[in-house]
Amino acid sequence: MIHQELIGRTVIGKTARRFNVKFNVYYAFLVLLNFAGFFLAMYDAKGLVILFFTIGFSMVIRLMLTQREEQRLTNELLEELVEQNVPLRPAK
């Protein structure tokens, strides 16, 4: 993935790799969105509603990314099983 390699060269990417934290474009967008919602909430009390929406949106996106990663790992394991021609049930 080209974008991941570009982010890996930045200071944020190097720091994330050092602390073993996953960081990509989606996470950068969500962090900026939450900071914007936080600063809006600091400026005006009506910004609290927007802050709650941004936090909720971040949680939904995070869940979707986690599910996609788990599905990718499951597909890799299934491909290994198919390539090895291992029967799914033991022979009787």
Side-chain angles (χ1 to χ4, degrees):
M1 190 180 261
I2 296 172
H3 299 293
Q4 190 66 29
E5 293 172 3
L6 293 175
I7 290 175
R9 292 186 212 158
T10 63
V11 174
I12 295 173
K14 291 177 183 176
T15 305
R17 193 174 334 125
R18 181 177 299 151
F19 290 109
N20 199 17
V21 175
K22 293 183 179 180
F23 195 81
N24 57 25
V25 176
Y26 297 113
Y27 295 142
F29 170 72
L30 293 176
V31 167
L32 291 175
L33 184 68
N34 286 325
F35 273 134
F38 175 73
F39 287 126
L40 185 62
M42 296 298 287
Y43 179 73
D44 188 15
K46 294 177 187 176
L48 286 174
V49 175
I50 294 174
L51 179 63
F52 289 135
F53 278 123
T54 59
I55 291 172
F57 179 72
S58 297
M59 291 186 331
V60 168
I61 296 297
R62 176 69 176 120
L63 180 64
M64 288 170 49
L65 290 173
T66 302
Q67 288 175 342
R68 187 173 73 174
E69 185 175 343
E70 288 177 358
Q71 184 65 42
R72 188 178 305 127
L73 290 174
T74 303
N75 288 343
E76 289 176 5
L77 290 172
L78 288 173
E79 286 177 5
E80 286 181 18
L81 285 174
V82 169
E83 288 174 0
Q84 294 176 357
N85 292 327
V86 176
L88 295 178
R89 289 189 234 172
K92 291 183 179 181

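Quick note: numbers below take in every heavy atom, side chains included, and nothing from hydrogens, waters or symmetry partners.
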- Item | Distance-only polar pair, side chains of Q71 and N75, donor-acceptor under 3.5 Å | yes
- Are V49 and I55 connected in a single hydrophobic cluster, I mean Ile/Leu/Val/Met/Phe/Trp/Tyr linked by side-chain heavy atoms less than 4.5 Å apart? no
- Query: Applying the 4.5 Å side-chain criterion to the ILVMFWY set and letting contacts propagate, would L32 and I61 be lumped into a single cluster?
  - Reply: no
- Residues that T74 engages under side chain to side chain contact (heavy atoms under 4.5 Å, CB included), provided they are two or more places apart: L78
- Query: How long is the gap from CG on L51 to CG on N34, to the nearest 0.5 Å?
  - Reply: 7.0 Å
- Item | Same cluster (ILVMFWY, side-chain, under 4.5 Å), L30 and M64 | yes
- Task: Compute whether any side-chain donor of one residue and acceptor of the other, for R62 and S58, lie under 3.5 angstrom apart.
- Result: no
- Kindly compute the distance separating CD1 (I50) from CZ (F38), expressed to the nearest 0.5 Å. 14.5 Å
- Query: With the 4.5 Å side-chain cut-off for hydrophobic clustering, are V60 and Y26 part of the same group?
  - Reply: yes
- Item | Joint hydrophobic cluster, F53 plus L40, side-chain heavy atoms closer than 4.5 Å | no
- Taking the side chain as every heavy atom from C-beta outward, state whether L65 and Y27 have any atom pair closer than 4.5 Å. yes
